[in-house]
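Okay, structure first, notes after.
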Amino acid sequence: MSALMIDAQQVCKNFGRLEVLKGIDLQVPRGSVACLIGPSGSGKSTMLRCVNHLEKVNAGRLYVDGELIGYRERDGILHELSERDAARQRTGIGMVFQSFNLFPHRTVIENIIEAPVHVKKQPEREARARAMELLEQVGLAHKADAYPIQLSGGQQQRVAIARAVAMDPKLMLFDEPTSALDPELVGEVLRVMKQLADQGMTMLVVTHEMGFAREVADQVIFMADGRVVESGTPREVLDNPQQERTRDFLSSLL
C-alpha cells in the first residue's frame with residue numbers, strides 16, 4: 001500500500017489548443033482530506049476528472065494508491081488501458097458531482113444498490129442491508145422507498161454520497177457538491193462529508209466552502225490558470241497566504 005493515495009506528477013490536459021492543466025504536481029496522503037480552491041476556470045474540476053480517468057491526461061503521470069491511472073507503462077511508453085480495465089480502476093474511486101445524477105425511475109435504495117449488485121456482483125440482500133446502514137448514517141433511512149423527485153436537493157446529494165460510499169471506495173472525489181444547493185441545505189451535506197473524514201476516508205474536494213476547508217482539510221491547494229499556485233495547511237493558505245494571486249482570490253470572497 002502506498003503512503004500516498006494520490007500522486008500527480010506534471011499532469012497536463014489540453015482541450016484542443018486550450019491548456020487547462022499546465023504541469024500539476026499534487027500529493028494527497030492516505031487518510032487525509034485535501035481541498036482544491038480557486039477561481040472558476042482554473043482547472044480544479046478537470047483535475048478531479050483526470051484522477052479517475054473521466055478525462056485523459058495529455059502528459060505526466062497520475063497514480064492512485066500506487067497504481068498508474070488510465071495507462072500501462074512499458075519501456076517508458078504509456079499504453080492506454082482498455083475501457084474495461086479503466087472501469088475496474090474507477091470502482092475504487094467514488095465521485096460525487098454538483099448535480100446529483102440519481103436515476104429518477106428508481107427509489108433511493110434501488111439507486112444505492114445498483115452498482116454493488118451489478119458491478120461488484122454483491123448479493124442483493126447484502127447490498128440492501130449495507131444501503132440501509134448508509135442511509136442511517138446520512139439521516140435518510142426513512143426515505144429508502146422514496147423517489148428522487150420526492151427529495152430536497154440536500155437529501156438527493158446525501159443519497160448520492162451514500163451511493164458512492166456503497167462501493168467501498170478507497171478514495172472519494174467531490175466536485176463542488178454543495179454548489180447547486182440552496183444555502184440552508186448546504187450544512188446537511190457538509191455534515192455527512194465531515195463524518196466521512198472522521199472515519200478516515202481519503203478525500204479530494206473541489207469547494208468554495210472555506211469554512212469546510214478550514215475545519216476539515218489537512219491540506220488546501222489553491223489553483224489558478226491551470227497551475228498550483230500555493231498549497232499547505234488551512235492556516236498557512238487561508239490565514240497567511242504567501243502568493244499575491246492567493247490573497248486576491250481570498251479577498252474577493254469576503
Side-chain angles (χ1 to χ4, degrees), residues 1-98 101 115 118-121 164-165 167-177 201-207 217-232:
M1 285 202 305
S2 172
L4 289 178
M5 182 59 76
I6 300 174
D7 184 12
Q9 304 172 3
Q10 287 295 295
V11 168
C12 297
K13 173 64 185 174
N14 306 333
F15 292 104
R17 293 183 179 180
L18 179 65
E19 286 184 279
V20 179
L21 301 177
K22 305 169 184 176
I24 299 290
D25 287 317
L26 189 155
Q27 285 76 41
V28 179
R30 174 185 299 280
S32 70
V33 177
C35 284
L36 281 176
I37 66 170
S40 297
S42 58
K44 307 181 302 297
S45 293
T46 299
M47 184 64 208
L48 213 64
R49 292 170 69 84
C50 287
V51 171
N52 65 359
H53 202 55
L54 287 176
E55 297 289 355
K56 302 171 186 178
V57 303
N58 294 106
R61 304 281 192 278
L62 217 166
Y63 298 87
V64 170
D65 200 18
E67 183 178 14
L68 183 62
I69 291 296
Y71 298 89
R72 190 173 285 110
E73 189 167 358
R74 290 197 203 101
D75 303 321
I77 298 171
L78 294 184
H79 303 269
E80 191 173 353
L81 294 181
S82 67
E83 185 48 47
R84 182 176 179 177
D85 286 339
R88 176 194 57 77
Q89 288 185 329
R90 280 189 207 108
T91 61
I93 304 171
M95 187 156 185
V96 177
F97 299 88
Q98 294 178 37
N101 294 338
H118 293 103
V119 177
K120 293 185 86 173
K121 308 302 180 189
V165 174
M167 289 292 282
D168 293 319
K170 53 191 170 187
L171 169 65
M172 283 285 289
L173 307 175
F174 292 88
D175 189 5
E176 298 194 33
M201 176 67 76
T202 311
M203 293 160 58
L204 180 60
V205 184
V206 173
T207 186
D218 300 290
Q219 177 185 187
V220 174
I221 300 141
F222 173 68
M223 286 181 64
D225 306 316
R227 293 186 169 90
V228 171
V229 176
E230 189 165 358
S231 66

- Message: If you define the side chain from C-beta out and look only at heavy atoms, does anything of K170 sit under 4.5 Å from V64?
- Response: yes
- Message: Tell me whether K44 contacts the main-chain N or O of D175 through its side chain, where contact means a donor paired with an acceptor under 3.5 Å.
- Response: no
- Message: Nearest 0.5 Å, please: how far is CD in E73 from CG in L78?
- Response: 5.0 Å
- Message: Please enumerate all residues that pass side chain to side chain contact (heavy atoms under 4.5 Å, CB included) together with R227, with sequence neighbours excluded.
- Response: K22
- Message: For a 4.5 angstrom cut-off between non-hydrogen side-chain atoms, does R49 reach K13?
- Response: no
- Query: Under the ring-ring contact (aromatic ring centres under 6.0 Å, His included) rule, what pairs show up with a residue in residues 57-85, not counting sequence neighbours?
  - Reply: H53-Y71
- Query: Would you say the side chain of V205 lies within less than 4.5 Å of the side chain of C35, judging by non-hydrogen atoms?
  - Reply: yes
- Task: Sort and list the pairs that fulfil ring-ring contact (aromatic ring centres under 6.0 Å, His included) and have at least one residue in residues 11-42, not counting sequence neighbours.
- Result: none
- Query: What's the shortest heavy-atom distance between L21 and G43, and which atoms?
  - Reply: CD2-O, 3.4 Å
- Message: Distance check, rounded to the nearest 0.5 Å: S231 atom OG versus D25 atom CG?
- Response: 10.0 Å
- Item | Test applied, side-chain contact (heavy atoms from CB on, under 4.5 Å); reference residue, M223; option that passes from V206, V229, L36 | L36
- Task: Determine the minimum heavy-atom distance between V96 and P177, stating which atoms define it.
- Result: CG1-CB, 4.3 Å
- Query: Heavy atoms, side chains only, cut-off 4.5 Å: are N52 and Q89 in contact?
  - Reply: no
- Message: With rounding to the nearest 0.5 angstrom, report the OG to CD distance, S45 to E55.
- Response: 10.5 Å
- Item | Main-chain N/O of M167 paired with K120 side-chain donor or acceptor, under 3.5 Å | yes
- What residues form a side chain to side chain donor-acceptor pair (under 3.5 Å) with N101, not counting sequence neighbours? S99
- For the student: nearest non-hydrogen atoms of A217 and V220, plus distance: CB-CG2, 4.1 Å
- To the nearest 0.5 Å, atom CG of N58 lies from atom SG of C50 at 8.0 Å
- Item | Any donor-acceptor pair under 3.5 Å from K56 side chain to G70 backbone | no
- Item | Pair V28-L171, side chain to side chain contact (heavy atoms under 4.5 Å, CB included): steps then yes or no | CA-CA 10 Å; V28 179; L171 169 65; 5.8 Å; no
- How many angstroms lie between atom CD1 of I93 and atom CG of D65, to the nearest 0.5 angstrom? 9.5 Å
- Where do I221 and A34 come nearest, in terms of heavy atoms and distance? CD1-CB, 4.1 Å
- Keeping the roles fixed (side chain from D218, backbone from S32), state whether a donor-acceptor pair exists under 3.5 Å. no
- Message: Applying side chain to side chain donor-acceptor pair (under 3.5 Å), can you list everything that pairs with E19, at least two apart in sequence or on another chain?
- Response: none
- Item | Nearest non-hydrogen partners of P39 and F222, listed with the distance | CD-CE1, 3.8 Å
- side chain to side chain donor-acceptor pair (under 3.5 Å) partners of D7, counting only residues at least two apart: Q9, Q27
- Indicate yes or no: at least one non-hydrogen side-chain atom of M47 is less than 4.5 angstrom from one of L62. yes
- Task: Measure across P169 and G94 and return the closest heavy-atom pair with its distance rounded to 0.1 Å.
- Result: CB-N, 3.5 Å
- Hey, are the side chains of V51 and M95 touching, using non-hydrogen atoms and a 4.5 Å cut-off? no
